[in-house]
Every structure is written in structure tokens, then in C-alpha cells.
Amino acid sequence: DEGYQTKCLNIFENGSTERRDYDLSNQTALGVKIHPRDIASLDIALGSSLRARRRRSYSLNPRREFIVMNFGAIKAILVKNDKLVLFECDSSPLVENWGQALPDKIPQFTECVESGMSVSFELGVLEEVLREATSLFDNRLRLLKPLVKNLVKSSPDEQEAALQRLGPL
């Protein structure tokens, strides 16, 4: 069924990338068995399906063979010792740019490996996802802080009207 097809950008541990369509109705399409609840937690549009946009959620769900990451615009599954599968690159320039810049940072990840285990890719990707998420929050805070300061300085009648205008933010 084409309703479960989604376009992804794969970023491999060696720094190579690949664009690929996945059929997420196949639980092993990404190379590891992924439960449908994990796919649902990403809140991604599948194929031609239309879904109502919910308020962005932020979650990090570690599993035995992969990590499900939903940090606002960045929705991905990190398959341990293999690749990052990045969803919705085609619909978000922010995600596309972030995904295209990530392979250039991978050599820096390996500099921190002291043991024989290959954990640097996973830790490096997690750090970059968290860096992007906190950067987005910092930008939002920087934009909203002056608005809130002005609201606090305004009269009680103006405050109520201003709060209604700020509600969607």
C-alpha cells in the first residue's frame, strides 16, 4: 500500500548518504525490527496521508538496536552501528540542511573514541540533534522575550488582549 511509503535521507556511519523510500508497513524495512508504536511516536506523514499537525513533541526512545528521536522538526531513527534515517527532509528545508551538514561532522565524532566499541557515531548524532533542538529553543526565547517584557509593562486591559495574540506562539 503506497499509504505507508515515506522518503528518507540515510546518513551512514562512514559519512555517505542515500535518499531512499521506505515502506513502513514492513517492520524490518530499516534493517531492524521496529514496532509500529515507535513509527507512530515520530508523528510523520506517510505517503499521501493527511494528518492534523499536533504541537511539536520532543522525545528520545532508546531501544536495543535503535533510538527513536523526535525533536520538533528532526524526526529520525538512529540504527546503532549503521545509520541515521532522517524523515521529512523533502518537506522541511531546516531538516534538509541539517541532514546535509551532518556527514561533514562525522569525522569529529570518531576523535572521542578511546575504546574499541563503535559508540562515537551514536553519541555524535545525539549531540547534534540536541544541539539543534536547544538552538531552536534559544532562538524562540530570544524572539519572545521582548514581547513578554512589553506585555508585563502594559496596563491590565492591554495585557489580556496581548495574551490572546501571543497564545498561538
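Taking all atoms of both residues into account, the shortest heavy-atom contact from Gly72 to Tyr58 is N-CE2, 3.3 Å. Minimum interatomic distance between Phe12 and Ile106 (heavy atoms only, all atoms of both residues): O-CD1, 3.5 Å. The two residues Leu84 and Ala76 come nearest to each other via the heavy atoms CD1-CB, 3.6 Å. Taking both residues in full, the closest heavy atoms of Thr17 and Ile11 are given as CG2-CG1, 4.2 Å, listed atom of the first, atom of the second, then distance. The shortest non-hydrogen separation linking Leu42 to Met69 is CD2-O, 3.4 Å. Residues Ile44 and Lys75 approach most closely at CG2-CD, 3.6 Å, considering heavy atoms.
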Take Gln5 and Ser25 through the test side chain to side chain contact (heavy atoms under 4.5 Å, CB included) and record every step on the way to the result.
CA-CA 8 Å; Gln5 292 287 329; Ser25 64; over 6 Å; no
Determine whether Ile39 and Tyr22 satisfy the following criterion, side chain to side chain contact (heavy atoms under 4.5 Å, CB included), listing intermediate values before the conclusion.
CA-CA 12 Å; Ile39 298 296; Tyr22 286 105; over 6 Å; no
Does the pair Glu96 and Cys89 meet the rule for a side chain to side chain contact (heavy atoms under 4.5 Å, CB included), with working shown?
CA-CA 5 Å; Glu96 176 71 27; Cys89 285; 3.3 Å; yes
Could you walk me through whether Leu78 and Phe66 pass side chain to side chain contact (heavy atoms under 4.5 Å, CB included), step by step?
CA-CA 5 Å; Leu78 178 58; Phe66 58 91; over 6 Å; no
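Although no hydrogens or angles enter the test, the distance criterion places a donor-acceptor pair under 3.5 Å between the side chain of Lys80 and the main chain of Arg63. Under a 3.5 Å cut-off, the side chain of Asp38 and the backbone N or O of Ile34 do not form any donor-acceptor pair.
One finds the CG atom of Asn70 at 10.5 Å from the CD1 atom of Ile77 (value rounded to the nearest 0.5 Å). Here the straight-line distance linking atom CZ of Arg140 with atom OG of Ser135 works out to 11.0 Å at 0.5 Å rounding. Taking CG of Asp23 as the reference point, atom OG1 of Thr28 lies at 10.0 Å (rounded to 0.5 Å).
Residues passing the side chain to side chain donor-acceptor pair (under 3.5 Å) test with Glu18 are Asn10, sequence neighbours excluded. Remark: Asp82 pairs with no residue by the salt bridge (Lys or Arg N to Asp or Glu O under 4.0 Å) rule, at least two apart or across chains. Residues satisfying the side-chain contact (heavy atoms from CB on, under 4.5 Å) test with Leu130, not counting sequence neighbours, are Phe71. Among residues two or more places apart in sequence or in another chain, the salt bridge (Lys or Arg N to Asp or Glu O under 4.0 Å) test is passed with Glu65 by none. Every residue two or more places apart in sequence or in another chain that forms a salt bridge (Lys or Arg N to Asp or Glu O under 4.0 Å) with Glu128 is listed here: Lys105, Arg131. Qualifying salt bridge (Lys or Arg N to Asp or Glu O under 4.0 Å) partners for Lys7, counting only residues two or more places apart in sequence or in other chains: Asp21.
Heavy atoms from other residues, nucleotides or ligands lying under 6.0 Å from CZ of Arg64 number 12 at most.
Checked by atom type, the side-chain pair Asp43/Ser41 shows no donor-acceptor distance below 3.5 Å.
Tested against Val95, the residues Leu9, Asp90, Leu86 include a single side chain to side chain contact (heavy atoms under 4.5 Å, CB included) partner, Leu86.
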